[in-house]
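Encoded as structure tokens, the structure appears first; notes follow it.
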Amino acid sequence: MTKPYLLAGVVGRPIAHSRSPRLHRHWIARHGVAGDYVAMEVAEADLGDVLRTLPKAGFRGVNVTIPHKLAALRLADEATERAQRIGAANLLVFEEDRILADNTDGEGFVNSLRQGAPGWNPASGPATVLGAGGAARAVIVALLDVGVPEILLTNRTRATADALADEFGDRIRIFDWIQAGNAVEEGVTVVNTTSLGMTGKPELRVPLDGLRPGQVVTDLVYSPLETRLLREARQAGATTVDGLGMLLHQAVPAFERWFGPRPEVDAALRAAVLA
Ligand code: NAP
């Protein structure tokens, strides 16, 4: 019997700039998988129809990106506990006529830090989280799960941060956005989950003079690879991890679920995705 041709992809809108096809195609070639990974631009009103049709066209599953992460969770027949806690899905697996939802962003975030900062000990002190949007939810759940003693959360819109603290419990301490510099100084782990600093967006302007050696500092923004936060952290002697690592690591469990082999995040993959 011939081996099935395995398909997967990413649905979002817009999708033209997604790096996921390059990422998965690098692994598809590396592991000699007979298959492909494609980017699909899908309107919100069509998402349900598209997801019910793709399995009939040979798709094993898809990644889900902006603006479909919440809807994908709602449309799935089953969801992992972590996807339910995060309240969004970035990975769908099609099994017979069922859609299973998962969220691997938090796992990708933690594995990126473990690889990029091998001495990182999340339990050694508080973690500062700048921002309280969708990505922050995945980061907060992951940090709580790996045992950070406390999360110092700060967001421009205070009410959004307060709502996260209500939802995720008493290990979260809120700082007003104007006090973000104090939160940066107090954290052992420091994470920017806002879109500030991204090419085309305003700069992250919170005071960074509290950055110091001993901290592990990361940014979810990966364009540019070295943001102002990461540059100042590096200059202050902190350990820095760029946001590309999270993108690469969140893809590992997805590739494994759809295609079989567990792929590696290495220099060749980074080069392929950045090319
Ligand atoms: P989101 O849900 O729209 O949240 C955006 C966050 O940025 C909110 O906290 C928002 O604060 C804050 N923000 C936006 N403009 C601001 C401004 N002018 N001043 C202060 N704060 C501002 O977006 P998201 O999905 O969480 O994504 C956030 C970033 O993470 C994006 O750059 C995305 O590309 C990146 N990301 C990277 C990865 C990766 O794998 N590396 C994965 C996921 C996301 P308010 O609540 O006050 O609006």
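Whatever order the structure lists them in is the order used to number ligands and atoms, beginning at 1.
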Worksheet item: Just wondering, do Glu95 and Glu78 contact through their side chains at under 4.5 Å, heavy atoms?
Response: no
Fill in: Any donor-acceptor pair under 3.5 Å from Arg60 side chain to Ala8 backbone
no
Practice prompt. Only one of Leu92, Thr65, Val64, Asn63 passes side-chain contact (heavy atoms from CB on, under 4.5 Å) with Val11; say which it is.
Written response: Val64
Discussion item. Yes or no: does Met198 have any heavy atom under 4.0 Å from an atom of ligand 1?
Written reply: yes
Discussion item. Within the 4.0 Å heavy-atom shell around Ala135, which atoms of ligand 1 are there?
Written reply: 24 (P), 25 (O), 26 (O), 27 (O), 43 (C), 44 (C)
Worksheet item: Under a 4.0 Å heavy-atom limit, does Leu220 contact ligand 1 with its side chain, its backbone, both, or neither?
Response: both
Discussion item. Would the distance check show the side chain of Glu150 and the main-chain N or O of Arg173 forming a donor-acceptor pair, the cut-off being under 3.5 Å?
Written reply: no
Worksheet item: Side chain, backbone, both or neither: which part of Thr193 has a heavy atom under 4.0 Å from ligand 1?
Response: backbone
Worksheet item: Which of the atoms in ligand 1, numbered in the order shown and given with their element, are less than 4.0 Å from a heavy-atom of Trp177?
Response: 20 (C)
Worksheet entry | Interfacing atoms of ligand 1 (cut-off 4.0 Å, heavy-atom, Leu247) | 40 (O)
Practice prompt. May I ask whether Phe109 has any heavy atom positioned less than 4.0 angstrom from an atom of ligand 1?
Written response: no
Worksheet entry | N or O contact, Gly243 vs ligand 1, cut-off under 3.5 Å | yes
Worksheet entry | Nearest-neighbour protein heavy atom for atom 46 (O) of ligand 1, which is reported as residue plus atom name and distance | Asn155 ND2, 2.8 Å
Item to complete: Indicate yes or no for a side-chain donor-acceptor contact from His31 to the backbone of Gly260 under 3.5 Å, with no hydrogens or angles considered.
Response: no
Discussion item. Students should be able to answer this: which protein heavy-atom is nearest to atom 6 (C) of ligand 1, and at what distance?
Written reply: Thr194 CA, 3.9 Å
Response to the item:
re atom 5 (C) of ligand 1, the protein heavy-atom contact at minimum distance is Ser195 OG, 4.3 Å
Worksheet item: So which protein heavy atom does atom 17 (C) of ligand 1 come closest to, and at what separation?
Response: Arg156 NH1, 3.2 Å
Practice prompt. Can you spot which of Arg270, Arg231, Arg234 makes a salt bridge (Lys or Arg N to Asp or Glu O under 4.0 Å) with Asp242?
Written response: Arg270
